[in-house]
Amino acid sequence: MIVRRLDELEGTDRAVRAPTFTSRRFLLRGDGLGFSFHDTVLYAGTETYIWYKHHLEAVYCIDGEGELEDLDHGVTHQIRPGTFYALDGHERHYLRAKTDLRMMCVFSPALTGAEVHDEEGVYPLEPIESKATERSPA
Ligand code: 9YT
């Protein structure tokens, strides 16, 4: 059994920060479950372009307001707490956060934690060196 707490991930390489979001990885490929599990917060007022070419992802919003633009199908969905979406077609999409948007995410196959995120349509990530709630200047 694996038991982890969010505050234990802070300051480790499981907590990463990008210009538009921070992501805390509870499970990665090395944990051996076959999927990864992430607690991601997209920062208020930001837009993130994402294309997971090699992974499937399921996402559940637990806090905040935003929108998801599905570029492959030309549809925009509102996101609020309780909204779930699954990228079962590797859809290219934008995530826009009106407020801080907290999303619980599952990836299959599991992310290793060492992906080059440019290939996935997001910016390079860096380990968080202090608290996960701190942000770099926009
Ligand atoms: C909302 C969303 O797509 N989060 C993805 C997690 C992120 N790519 C990570 O952990 O690096």
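Start at 1 and go down the list; that is how both ligands and their atoms are numbered. Values reported hereafter were calculated over all heavy atoms of this structure, with side chains retained and with hydrogens, waters and symmetry mates removed. The chain is numbered in sequence order, starting from 1.
Residue-ligand proximity, Phe107 to ligand 1, at heavy-atom distances under 4.0 Å covers atoms 5 (C), 6 (C). Annotation for ligand 1: atoms under 4.0 Å from non-hydrogen atoms of Arg25 are 9 (C), 10 (O), 11 (O). Heavy-atom contacts of Ser23 reach the following atoms of ligand 1: 6 (C), 7 (C), 9 (C), 10 (O) (cutoff under 4.0 Å). Of all atoms in ligand 1, listed by their number and element, those nearer than 4.0 Å to a heavy atom of Cys105 are 1 (C), 2 (C), 4 (N). For ligand 1 and Glu57, the ligand atoms under 4.0 Å from any heavy atom of the residue are 2 (C), 3 (O), 4 (N), 5 (C). Listed by atom number, the atoms of ligand 1 under 4.0 Å from Thr40 heavy atoms are 4 (N), 5 (C), 6 (C).
Applying the side chain to side chain donor-acceptor pair (under 3.5 Å) rule to Asp7 yields no partners; only residues at least two apart in sequence or on another chain are considered.
In this structure, His38 has its ring center under 6.0 Å from that of Phe107.
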Begin from the C-alpha positions of Glu65 and Arg80 and carry the test salt bridge (Lys or Arg N to Asp or Glu O under 4.0 Å) through to its verdict.
CA-CA 5 Å; Glu65 303 286 336; Arg80 56 183 178 271; over 6 Å; no
For Thr40 and Ser23, run side-chain hydrogen bond (donor to acceptor under 3.5 Å, both in side chains): C-alpha distance rounded to whole Å, both residues' side-chain angles, the deciding distance at 0.1 Å, then the answer.
CA-CA 4 Å; Thr40 302; Ser23 191; 2.9 Å; yes
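In the hydrophobic cluster analysis, where Ile, Leu, Val, Met, Phe, Trp and Tyr join through side-chain heavy atoms closer than 4.5 angstrom, Phe84 is grouped together with Val106.
Proximity of Tyr94 to Leu71: side-chain heavy atoms (C-beta onward) are separated by under 4.5 Å at one or more points.
The closest approach between any non-hydrogen atom of Leu95 and ligand 1 is below 4.0 Å.
Under a cut-off of 6.0 angstrom, the local environment of CZ in Arg96 is crowded, with over 12 non-hydrogen atoms contributed by other residues, nucleotides or ligands.
On a distance-only criterion, His38 and ligand 1 share at least one N/O pair closer than 3.5 Å.
Contacts between Tyr52 and ligand 1, counted as non-hydrogen atom pairs separated by less than 4.0 Å, involve the side chain only.
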